[in-house]
Trainee: 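Sharing a structure with you now.
Quick caveat, the model's predicted, so the values are computed rather than measured. Just so you know, these numbers use all the heavy atoms, side chains as well, and skip hydrogens, waters and symmetry mates.
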Amino acid sequence: MGLLDAILGRSKPVRPDLDQLFAVPSAALTLQAATGFTPTGRGSVCFAGVEGGGFARLQEDVRELLDADTERGGIPVEFSRDAYGYSWLLARHPADDSAALVNDLHAVNTLLQDGGFGPHLLCSLIGFRDAEGRALALVYLYKRGTFYPFAPLPGDVEKRDNQLELQVRGVLGDDLRVEKDLSRWFPVWGAPGL
């Protein structure tokens, strides 16, 4: 960061730290003990749509890597596109194996980043549910290197349970790097893995 940037109040962007994802299994235990939310075994990676042969080959590499265990009973990954034009990769594992899910999400993010598509990565999320069936996601913002909770209210309404989100922030503040700027807690309505 140069002198001119300091004078104009510009800050250096936070570099992504994909290793932050490895803190999720431990945070999941804290979350379960404090709130009753348990992992669903579902998680996803969101990225801006990219066209071209290079990206298509990379997408196939991701599929081959994560589908390698399907012959042993593993669940194949799914690619989809949402109403906003963003692409999603959905990975599934047994609910009690959040470490394997995080490994898959980390691998996808790393492959995309190393393939030159890092600027297109938006977020990753890991899904949770409680005994009442309420959904919760821990969302990792790639460009910020931080997490935030997203708790949609049940039903077809696009409303959030802000109280639960703030409660989860308080619970996980020592386990994860939680995004301090609440305006960056973007809703991920209908996200695969939620």
Side-chain angles (χ1 to χ4, degrees), residues 1-2 5 10-28 39-70 74-93 97-128 137-150 172 175-181 183-194:
M1 186 167 89
D5 290 330
R10 295 183 203 143
S11 62
K12 192 174 186 179
V14 176
R15 292 195 40 83
D17 182 4
L18 293 175
D19 290 345
Q20 291 294 316
L21 288 168
F22 292 125
V24 169
S26 173
T40 61
R42 296 167 45 112
S44 55
V45 176
C46 180
F47 46 94
V50 180
E51 303 299 326
F55 185 74
R57 280 190 296 281
L58 186 62
Q59 194 171 7
E60 281 308 308
D61 290 347
V62 167
R63 185 182 299 275
E64 286 177 22
L65 174 68
L66 298 186
D67 285 350
D69 68 344
T70 55
I75 302 168
V77 297
E78 296 175 18
F79 284 93
S80 62
R81 191 163 266 187
D82 67 18
Y84 303 103
Y86 295 113
S87 297
W88 290 85
L89 174 136
L90 173 65
R92 287 181 240 162
H93 283 274
D97 196 358
S98 58
L101 177 63
V102 166
N103 285 337
D104 280 0
L105 298 179
H106 186 276
V108 171
N109 280 288
T110 302
L111 282 171
L112 289 168
Q113 178 178 281
D114 292 350
F117 297 100
H120 299 280
L121 282 165
L122 301 174
C123 68
S124 296
L125 68 83
I126 298 95
F128 293 83
L138 291 180
V139 181
Y140 175 75
L141 291 172
Y142 175 79
K143 290 178 174 81
R144 303 277 298 170
T146 57
F147 289 87
Y148 69 89
F150 174 67
L172 296 180
D175 292 280
L176 298 175
R177 188 183 301 161
V178 177
E179 176 60 48
K180 291 181 168 91
D181 183 354
S183 70
R184 295 192 181 268
W185 290 23
F186 305 110
V188 286
W189 305 118
L194 188 59

Trainee: Output the distance between atom OH (Y148) and atom CG (L138), rounded to the nearest 0.5 Å.
Mentor: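 One finds 10.5 Å between OH of Y148 and CG of L138.
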Trainee: Could you measure the distance from the CG atom of L105 to the NE2 atom of H93? Nearest 0.5 Å is fine.
Mentor: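 If we round to the nearest 0.5 Å, L105:CG and H93:NE2 are 8.0 Å apart.
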Trainee: Do the side chains of W88 and L125 get nearer than 4.5 Å, heavy atoms only?
Mentor: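 Answer yes - side chains close enough.
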Trainee: Kindly indicate, with the supporting measurements, whether the criterion side-chain contact (heavy atoms from CB on, under 4.5 Å) is fulfilled by V108 and V77.
Mentor: CA-CA 11 Å; V108 171; V77 297; over 6 Å; no
Trainee: Hey, could you give me the SG/NE2 distance between C46 and H120, rounded to the nearest 0.5 Å?
Mentor: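 Interatomic distance, C46 SG to H120 NE2, rounded to 0.5 Å: 12.5 Å.
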Trainee: Any side-chain heavy atom of C123 sitting closer than 4.5 Å to one from Y142?
Mentor: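 Answer no - side chains too far apart.
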Trainee: Please name the pair of heavy atoms, one in L90 and one in R42, separated by the smallest distance, quoted to 0.1 Å.
Mentor: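 Looking at all heavy atoms of both residues, the closest pair is CD2-NH2, 4.2 Å.
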Trainee: Measure the shortest side-chain to side-chain distance between K143 and L122 over non-hydrogen atoms and say whether it is less than 4.5 angstrom.
Mentor: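 In short, these two side chains touch, coming nearer than 4.5 Å.
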Trainee: Do P25 and V102 have side chains that get closer than 4.5 Å, going by heavy atoms?
Mentor: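 Heavy-atom side-chain distance check passes, below 4.5 Å.
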Trainee: Hey, can you pull the donor-acceptor pairs under 3.5 Å for the side chains in residues 183-194, sequence neighbours left out?
Mentor:
from	atom 1	to	atom 2	distance (Å)
S183	OG	D181	OD1	2.6
S183	OG	D181	OD2	3.2
W185	NE1	E179	O	3.0

Trainee: Walk me through whether Q20 and L176 qualify under side-chain contact (heavy atoms from CB on, under 4.5 Å).
Mentor: CA-CA 7 Å; Q20 291 294 316; L176 298 175; 5.9 Å; no
Trainee: Rounded to the nearest 0.5 Å, how far does CZ of F147 lie from OG of S124?
Mentor: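 One gets 8.5 Å once the value is rounded to the nearest 0.5 Å.
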Trainee: What's the separation between atom CG in L121 and atom CG in L112, rounded to the nearest 0.5 Å?
Mentor: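 Reported value, rounded in 0.5 Å steps: 5.0 Å.
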Trainee: Using a 4.5 Å cut-off on heavy atoms from C-beta on, say whether the side chain of L21 contacts that of Y140.
Mentor: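 Yes - at least one pair of side-chain heavy atoms lies under 4.5 Å apart.
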Trainee: Determine the minimum heavy-atom distance between L101 and G41, stating which atoms define it.
Mentor: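 The answer is CD2-C, 3.8 Å.
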Trainee: If you measure from CG on L89 to CG on D104, what distance do you get to the nearest 0.5 Å?
Mentor: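 Rounded to the nearest 0.5 Å, the CG-CG separation comes out at 8.5 Å.
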